[in-house]
Each structure stands twice: as structure tokens, then as C-alpha cells.
Amino acid sequence: MKNETYWKKLLSSAITTAEELSRHLPIDREKIEKVIARYPMRINSYYLSLIRHQGDPLWKQAIPDIAEIEDTWGDDDPLTEEAQSPVPNLIHRYPDRAVFLISSECAMFCRYCMRKRKIGHPFVVNDHTIDAGIRYIRDHTDIRDMILSGGDPLLLDDERLKTTLTQLRAISHVEIIRIHTRIPCTLPQRITPELCDMLKAFHPLYINTHFNHPDEITPQSSMACAMLANAGIPMGCQTVLLKGVNDDPEIMKRLMQKLMSIRVKPYYIHQSDLVRGTGHFHTHPEKGLEIIEKLRGHTSGLCVPHFMIDLPGGGGKIPLLPEYVQKKEPHRWLIRNYEGKSFEYPIKGKNNGHS
Ligand SMILES: *Cc1c(COP(=O)(O)O)cnc(C)c1O
């Protein structure tokens, strides 16, 4: 079967009803039906095949949970993305970079999605919204970093994606392009030699992908990442910290190490956003700090991403770090290392004879 036909078939045969799902997994059909009336489900046979048992970390990401509709907590759009959209599907929050949603499709509907409000009410992406976005980017010469997101940009056809990339590359102030995609994890069959050949004409092009658990790193996803890396695309990973999935320092360490082994550099661990219907995934910020604490110094620095919290109200992403400085005095700081041992660091300055 042609590469393109194969991934499209996997996508179009994805499971979307409780009835179909019950043929594969032991589920409570009635509960699942209630949830998907509000928040639809999509699970393709590849990701389904990775689920090992009821309630495991991959199950939790893919299978609807009644908690989604019992949740009264959170907001549909806590990061006020809609208010920061000058034209439809374009979010401009920071001075030199913007996010452009160029696809409304995903290979799987992740239950904890930050854009859960949009799932099942597919926002419109068409020639008109793409043209309006391109015009905005062309008119805003301070945008030097364009982030393509969605939905998943890699669910566009090669030709369609190529057209948008060509339009962006024609804008001289756009220095780098990033594609934010979960495809290497949820539908790695989409990463074809033809796609990689097309993408490598648009360098400097970066990909940030999204793995949350070491069990997602399979021969298929490793192959997809190798093909992209071989096309010269630096790969990063944005992981979301999720209760019952990866809120455990040992699991996170294994994930980060495995990512490095497939040439994907851990970029961010995100504190999960306060999105309605996802409260059961939420962790205390201390959990993220504990994870960073148990990575830094204990494994390669390359395996240590930044732990980020996206401030509600559109304040943007802020890194949180464990406190290593124990005491600041004029002539010395007391700093602890990763093992908790304290060390003195002398401070040179005008007032203490060291200048
Ligand atoms: C996360 C985000 C970015 C990119 O942030 P980086 O820290 O540069 O990766 C840009 N715009 C918006 C609206 C974002 O949410």
C-alpha cells in the first residue's frame, strides 16, 4: 500500500463510538457515550494497540472518563487564546513569535487537550483564514518565529502544507518556522519519506513533538523521529504533566532518556492548564518541581527540560525551578547541590575587596 494511502486509512478507520470501542476494550459503554456526546473520541488502531490494560497511562490519555463531564472546575479557555487572536486561528501573545492554527484535525483526541473547547466543534481552517493569517504575519515585521499548530499541522496533505510553508518562507522577517505536532507519537505512519523530502526544503525548520510516557516510544515512533532528524530537523518534545500518566520522577526520567535516544531533546514539561473537563489530570505544582529536582544532576543535563506553568489570563509561560540558593549574603551565597549538600560560593564585589 502506498505510504499516503496507509496513514489515511489508519486515520479514517479510527474508533469514534462506544460501541466500536467496546469490541476492543472492557469499557462502560453508557458512561463513555455520555462523555463523547460532549467531548468526542478518536482513537486510531495504532495508538489503541499500545494500550496494555485498563486504566494504564496510555488508556488514560485516549479513553474518555466520566470525570470529564462531572468536572465543574476550570475554564474553556483559561489562557485567553481567543482574546489574543487578532485574526482567526492566530495567537499573538509574545513580541517576536506567534502561533498559527493551520489544521483542525488530530490523529487522536487527547482527553486532557488544552484546546478541548474546540474538539468536536472543529474551528474553520480554509483558504480564507490561511490568507488572513499570512497577511497578518506579513504586516507584522516583529514576528521572526512562526509556530504552526492546530489541530495537528502534519495531518494536512503534503501539498497543502507545502503551500503554507512556501507562503511563510516568502516573508523575509520569518526567520524560523516550528511545527508543533503529536503525529510522531499518535500516528507515526504519517511521517513518510515524501513528507520529509518536502519539509527539508524549508529550513531552518524545527519540530516540537509531544510524548508523555516511555511506552509511547515504539519502533514505529522511533523510526518516524529518525526520518525527521535525518531530514535535518531538530526535534524537541513538549510533555504535559498528567496525574496517573507521568506524575512520577522515575517514569519521567525514563521518558526523557528514551527521547534523547531517538534524537528528541526534551524542551518543556508543562503544568497542565486549568481547562474545563481535565481537572482529574491536574497535579500540584510541587510535583513538577519534585520531578525537576530528581532529574537535574541525576541524569544528563540534556534530559532536563524546563518545567513551565502557563499563567491563566494570558500572562504567558513561566519556568519554575527548585530552589538551590539557600542563603544570599553580601560576601557569599550558600548553594546546595543535587544531593542536598551545601557549598559556599564567594561573591566578589566593590565593597568586599575582591573587585
Ligand atoms: C507557548 C507559546 C508560544 C511559544 O513559546 P516558547 O516559549 O517560545 O516556546 C508562543 N505563543 C503562544 C501563544 C504560546 O502559548
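Every number for a ligand or one of its atoms is a count from 1 in the order of the listing.
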All N/O donor-acceptor pairs, side-chain side in residues 291-298, below 3.5 Å, sequence neighbours left out:
{"residue": "Glu293", "atom": "OE1", "partner": "Arg336", "partner atom": "NH2", "Å": "2.8"}
{"residue": "Glu293", "atom": "OE2", "partner": "Arg336", "partner atom": "NH1", "Å": "3.0"}
{"residue": "Lys294", "atom": "NZ", "partner": "Glu290", "partner atom": "OE2", "Å": "3.3"}

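When Arg182, Lys60, Gln238, Met252 are each tested for a side-chain contact (heavy atoms from CB on, under 4.5 Å) with Asn212, only one passes: Arg182.
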Q: Evaluate the criterion ring-ring contact (aromatic ring centres under 6.0 Å, His included) for residue pair Tyr136 and His92; output intermediate values, then yes/no.
A: CA-CA 10 Å; Tyr136 181 90; His92 194 181; 5.7 Å; yes
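Cation-pi geometry between Lys116 and Tyr39 is satisfied (NZ or CZ under 6.0 Å from the ring centre, within 45° of the ring normal).
Screening residues 138-152 for side chain to side chain donor-acceptor pair (under 3.5 Å) gives Asp96-Arg144, Arg115-Ser149, Arg144-Glu175, Asp145-Arg178, Asp152-Thr181 as the qualifying pairs, with residues at least two apart or on separate chains. The list of ring-ring contact (aromatic ring centres under 6.0 Å, His included) pairs with a residue in residues 5-25, not counting sequence neighbours, is empty.
Using a 4.0 Å heavy-atom criterion, the residues that approach ligand 1 are Ile91, Arg93, Tyr94, Arg97, Val99, Ile147, Arg178, Tyr267, Tyr268, Lys317.
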